[in-house]
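Computed over heavy atoms, backbone and side chain alike; hydrogens, waters and symmetry mates excluded.
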Amino acid sequence: KAGVTQTPRYLIKTRGQQVTLSCSPISGHRSVSWYQQTPGQGLQFLFEYFSETQRNKGNFPGRFSGRQFSNSRSEMNVSTLELGDSALYLCASSLGTGGINYGYTFGSGTRLTVV
Amino acid sequence: GENVEQHPSTLSVQEGDSAVIKCTYSDSASNYFPWYKQELGKRPQLIIDIRSNVGEKKDQRIAVTLNKTAKHFSLHITETQPEDSAVYFCAARVNTDKLIFGTGTRLQVFP
């Protein structure tokens, strides 16, 4: 059974550019959540999608957006990149929302560096 | 609010000793509390979880306890081994169905 696949693994972007990250969940999982991981801040919740609908949103500016497709694959977009957006972006898939029944399975993440 | 506090931020123990990591949560409606282990350069992985209708759960050397009244839960690792060295994250599922994580505890087990 394939795990959670995130692409690309690494990205280097210039301040002001925009970026799109992709996450393919485990087959059959309908929930995809996105987290930003930075040293000292742990895992900060960005948003969660379930069956193509955004179920929850964290406290990030509107420059951060996402969507989910009918095959449960999800993308997140960050526009007008800032230096502080440099982080590891992790997505997690689950059968149910909030990981209640089976927990989250995380992808390997996309490491974004903004220069 | 929706907040999970985790302590300590770093923990060093001798191999064979026990390690305890504590978390407190603010949303009294929280009903699910997982713990994740993240080894260096790897993805977080679920190691144990507990639901709000249970006070304690064990899995070999790992145990989690939950005190709903005080709104805190703890991870206990007994007979620690060098391979237990990692960053551990607690999390709480809040009533909006989000999973909110603590800021992590870096555990170092010295041989």
Enquirer: Just wondering, are more than 12 heavy atoms of other shown residues or ligands nearer than 6.0 Å to CD in B/E79?
Expert: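 No - once you tally the heavy atoms of other residues, nucleotides and ligands closer than 6.0 Å, there are 12 at most.
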Enquirer: Which answer fits B/Q38, side chain, backbone, both or neither, if we ask what part of it has an atom under 4.5 Å from a heavy atom of chain A?
Expert: side chain
Enquirer: Please classify the contact between B/P34 and chain A as side chain, backbone, both or neither, with a heavy-atom cut-off of under 4.5 Å.
Expert: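 Contact with chain A is absent: no heavy atom of B/P34 under 4.5 Å.
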Enquirer: For A/V4 and B/R43, which heavy atoms make the closest approach, and how far apart are they?
Expert: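 Reported closest heavy-atom pair: O-NH1, 3.9 Å.
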Enquirer: Heavy-atom distance under 4.5 Å to chain B: side chain of A/L90, backbone, both or neither?
Expert: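 The side chain, not the backbone.
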Enquirer: Measure the acute angle between the ring planes of A/Y104 and B/Y36, then classify it against the limits of 30° and 60° as parallel, tilted or perpendicular.
Expert: tilted
Enquirer: What part of A/Y35 gets within 4.5 angstrom of chain B, counting heavy atoms only: side chain, backbone, both, or neither?
Expert: side chain
Enquirer: Do the side chains of B/V54 and B/L46 join up, straight or via other hydrophobic residues, at under 4.5 Å, putting them in one cluster?
Expert: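 Looking at the clustering, B/L46 is in the same group as B/V54.
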Enquirer: Can you check side chain to side chain contact (heavy atoms under 4.5 Å, CB included) on B/F89 and A/Q37, steps first, answer last?
Expert: CA-CA 12 Å; B/F89 292 97; A/Q37 185 174 24; 3.4 Å; yes
Enquirer: Going only through I, L, V, M, F, W and Y residues with side-chain contacts under 4.5 Å, is there a path from A/Y89 to A/L83?
Expert: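 A/Y89 and A/L83: one cluster.
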Enquirer: Please rank B/A91, B/P44, B/G104 by heavy-atom pairs under 4.5 Å with chain A and give me the top one.
Expert: B/P44
Enquirer: Around atom CG of A/N59, are there more than 12 heavy atoms of other residues, nucleotides or ligands at under 6.0 Å?
Expert: no
Enquirer: Roughly how far, to the nearest 0.5 Å, is the NZ atom of B/K98 from the NZ atom of A/K57?
Expert: 10.0 Å
Enquirer: Could you tell me whether A/R63 atom CZ has more than 12 heavy atoms of other residues or ligands within 6.0 Å of it?
Expert: yes
Enquirer: Look at the side-chain heavy atoms of Ile, Leu, Val, Met, Phe, Trp and Tyr, link any pair under 4.5 Å apart, and say whether B/Y88 and B/V20 land in one connected group.
Expert: no
Enquirer: In terms of heavy-atom contacts, does CD of B/E83 have more than 12 from other residues, nucleotides or ligands at under 6.0 Å?
Expert: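 Yes - once you tally the heavy atoms of other residues, nucleotides and ligands closer than 6.0 Å, there are more than 12.
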